[in-house]
Amino acid sequence: LNLPDRERSVLLERLGTEIFDLLVIGGGITGVGIARDAALRGLKVALVDKADFAAGTSSKSSKLVHGGLRYLEHAKFRLVFEGTHERAVLGRVAPHLVRPLEFLMPTYRGDPWGLFALDVGLWLYDALSKFSSPRIHRTLRKKRTLQLEPSLRSDDLTGGILYYDSMTSDARLTIENMLDARRLGATVLNYVIVAGLLRRSDRVVGAELRDVLDERAPVFPIRARVVVNAAGPWSDSVRRLADDPPILAVTKGVHLVVDRPRLPITHAIVMRQDRRVIFCIPWERRTVIGTTDTYYDGNFEEVSADSSDVRYLLEVVNRYFPNAKLIASDVLATWAGLRPLIRPQARAATASDISREHVILSRPGVVTIAGGKLTTYRRIAAEVVDEVGEQLHGISRSSTKDRPLPGGSGLKSWMLTKLIDELQPAVDPDVAAHLVNTYGVRAASVTSRIAADLVLGARLDPELPHLLAEVDVAVLEESAECLDDVLERRVPLLLLARDQGLDASEQVAARMATLLGWSEARRQAELEKYRTVVALSRRFQRS
Ligand SMILES: Cc1cc2nc3c(=O)[nH]c(=O)nc-3n(C[C@H](O)[C@H](O)[C@H](O)COP(=O)(O)OP(=O)(O)OC[C@H]3O[C@@H](n4cnc5c(N)ncnc54)[C@H](O)[C@@H]3O)c2cc1C
């Protein structure tokens, strides 16, 4: 047995034999945040996910850590305050992953909100964030707006507002929380499904688990004093296991990726359509456009962008950037995710009208957390663990606010440039920037692997800075089990490479086969599965 296999079987054994204070169902950002918080408070924690960490909504977001400017329109001041506060906390504990990004909101004659009203709103936004942005917002005249973003439509343009929010990698943020939960002693496993709940009279006392990677593996029990349902959009199916009623209204959100030269923006652009906000976001060598918000009742395992989603988003972009003339064939990749929103009492007018606030529901032995945002996961996790503490009759206070994530250990945002410089000339400048902005201080683990074996310094795609050594890190340090765990969430060529990583997939699969001892049949099956993932991302071409 190689190392990861051995580790996995030890962890599986532990799940089946020990008694835990807390079992968390779901390894999205909410679940791993809860596991980390609880382990830091001294609880004995287990977490399982039926797929990979962040395979659900937590790799499908707009990747913004933000107060949510649009919530001001609905007078949701607390939501904005919490979001901007968390933006500052996360920028401190993970400065490599949560970085400020400048947003430009152009204003046009006939817009619902003019420049003056927006200026007032942004003063409020800055104030609610306690002026923690790198700069307070600025109001621009038309000429300056066009100097900053020359490809914007100039007809009827009245000016623009510049302000800051933050951008992250949602999947990486999830993985770093998972790693820290493990460091703190939690037993955390992907590809283990909760197939049932164990009950003693009215109280839930554990769950039935099954190893998804081993077809012949039997269902086995895990015992836990409290179970947290953090299954995101799947929360209702877990609630069904406890005979609890459904609470969710699920909506779909789609993003498109186009090549940066096709939409050469240098700021995140805030666009308005149908009382909604849609962003164009510069992302590495690409531009991301999103998102949609429509009710969804299809198959949760096969969510994808369809042609009407793509048409809708391209229409909005082409209205703001008429010379771009984007068409469906410009779309290199798409991703689609499900928002686990709380079903409103009365049916909301549109999907976008449903509140983004979370709820925590508690009954003996089970706590359900549903709703919420990526941005506020740490705060939500603390609230959930407080609730778990109630059931356990006492617990210490959350202290995740002051604990860096693994890549942010000892790191301050001003050190990032120095760290990037230090990696050169051993690696190219773009590679150095990518490694530091992805792994923070853990970048040293990638470079030391290359120092030990120069072959690992090869790029996976000639246009991109991702290296073969990162596959080793993904498998040996970050529990990647399947090919798409690497190519979709840890080294996301699926979204960044022109061919969505199809070319590199052979090399990555070969490396994973060596590290994980895959048979030839398993290697082929992984490649086939990855082609299905790529096809899902391109399904809009056929719908
Ligand atoms: C399009 C879109 C854009 C968004 N943009 C932003 C944004 O920019 N900023 C922001 O702050 N928020 C944003 N959000 C919201 C944010 O992404 C979500 O709130 C967050 O990711 C939810 O995480 P979660 O852990 O609750 O759910 P998930 O990430 O879906 O995790 C749930 C996990 O539970 C697992 N699971 C389910 N059933 C079982 C079972 N029976 N056994 C074991 N495991 C199980 C699943 O495999 C899954 O991994 C966006 C959401 C969407 C959809």
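As the structure lists them, so they are numbered: ligands from 1, and atoms in each ligand from 1. For clarity, every value in this text was computed on a predicted model and none was experimentally measured.
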Ligand 1 versus A230: contacting region, heavy-atom distance under 4.0 Å
backbone
Proximal atoms of ligand 1 relative to K60 (non-hydrogen, under 4.0 Å):
1 (C), 2 (C)
V194-ligand 1 polar pair, N/O distance under 3.5 Å
yes
Closest to atom 3 (C) of ligand 1 by heavy-atom distance, out of S62, G253, G56, is S62
Do R260 and E284 meet the salt-bridge criterion of a basic N to acidic O distance under 4.0 Å?
no
Exercise answer: donor-acceptor pairs, residues 209-224 side-chain atoms, under 3.5 Å, sequence neighbours excluded:
residue: D211; atom: OD1; partner: R8; partner atom: NH2; Å: 2.8
residue: D211; atom: OD1; partner: L213; partner atom: N; Å: 3.0
residue: D214; atom: OD1; partner: R216; partner atom: N; Å: 3.1

Ligand-side contact atoms (ligand 1) for residue partner W234, heavy atom cut-off under 4.0 Å
30 (O), 37 (C), 38 (N), 46 (C), 48 (C)
Shortest protein heavy-atom distance from atom 29 (O) of ligand 1, along with the residue and atom involved:
S58 OG, 2.5 Å
Could you tell me whether some N/O pair between T251 and ligand 1 is separated by less than 3.5 angstrom?
no
Decide if atom NZ of K529 counts as having more than 12 heavy atoms of other residues, nucleotides or ligands within a radius under 6.0 Å.
yes
Classify the contact between L338 and ligand 1 as side chain, backbone, both or neither, using a heavy-atom distance cut-off of under 4.0 Å.
backbone
Indicate, as side chain, backbone, both or neither, the part of K63 found under 4.0 angstrom from ligand 1 when only non-hydrogen atoms are considered.
backbone
For atom 27 (O) of ligand 1, grab the closest protein heavy atom and report residue, atom and distance to one decimal in Å.
G232 CA, 3.4 Å
Atoms of ligand 1 under 4.0 Å from any heavy atom of T57, numbered from 1 in the order shown, are 17 (O), 18 (C), 21 (O), 28 (P), 29 (O), 30 (O), 51 (C), 53 (C)
Under 3.5 Å donor-acceptor, N318 side chain and L314 backbone
yes
Mark the output for K252 as yes if a heavy-atom distance to ligand 1 is under 4.0 Å, and as no if none is.
no
Between the candidates G26, G337, A370, G28, which shows the shortest non-hydrogen contact distance to atom 31 (O) of ligand 1?
G28
Pair R403 + D180, salt bridge at N-O below 4.0 Å:
yes
Give me the nearest non-hydrogen protein atom to atom 50 (C) of ligand 1 as residue plus atom name, then the distance to 0.1 Å.
S61 CB, 3.6 Å
Is H255 touching ligand 1 with its side chain, its backbone, both, or neither, if touching means heavy atoms under 4.0 Å apart?
side chain
Among non-hydrogen protein atoms, atom 7 (C) of ligand 1 lies closest to L64 O, 3.5 Å
Side chain, backbone, both or neither: which part of I25 has a heavy atom under 4.0 Å from ligand 1?
side chain
Per-atom filter on ligand 1: closer than 4.0 angstrom to a heavy atom of G372 are 19 (O)
Would you confirm whether K373, through its side chain, and G83, through its main-chain N or O, come within 3.5 Å as a donor-acceptor pair?
no
Do D49 side-chain atoms and G27 backbone N/O form a donor-acceptor pair below 3.5 Å?
yes
Donor-acceptor under 3.5 Å (R286 side chain, L496 main chain):
yes
Could you tell me whether a side-chain N or O of E149 sits under 3.5 Å from a main-chain N or O of H267, the two making a donor and an acceptor?
yes
Angle between ring planes, W283 versus W335, binned at 30° and 60°: parallel, tilted or perpendicular?
perpendicular
Considering only the protein, which heavy-atom contact is closest to atom 47 (O) of ligand 1, and what is its distance?
D49 OD1, 2.7 Å
Determine yes or no for a side-chain-to-main-chain donor-acceptor pair under 3.5 angstrom, with Q391 supplying the side chain and G365 the backbone.
yes
Whether Q273 side chain and V316 backbone form a donor-acceptor pair below 3.5 Å:
no
ring-ring contact (aromatic ring centres under 6.0 Å, His included) partners of H434, counting only residues at least two apart
H466
heavy-atom search around atom 24 (P) of ligand 1 in the protein gives T30 OG1, 3.2 Å
Where ligand 1 meets T375 - atom numbers and elements under 4.0 angstrom, heavy-atom basis
9 (N), 10 (C), 11 (O)
Ring-plane angle category for F103 and Y163, please: parallel below 30°, perpendicular beyond 60°, tilted otherwise.
parallel
For atom 53 (C) of ligand 1, what is the closest protein heavy atom, and at what distance to 0.1 Å?
R339 CG, 3.3 Å
Note the single closest protein heavy atom to atom 12 (N) of ligand 1, along with its residue, its atom name and the distance in Å.
L374 N, 3.2 Å
Quick one: does ligand 1 sit under 4.0 Å from the side chain of T291, the backbone, both or neither, non-hydrogen atoms only?
side chain
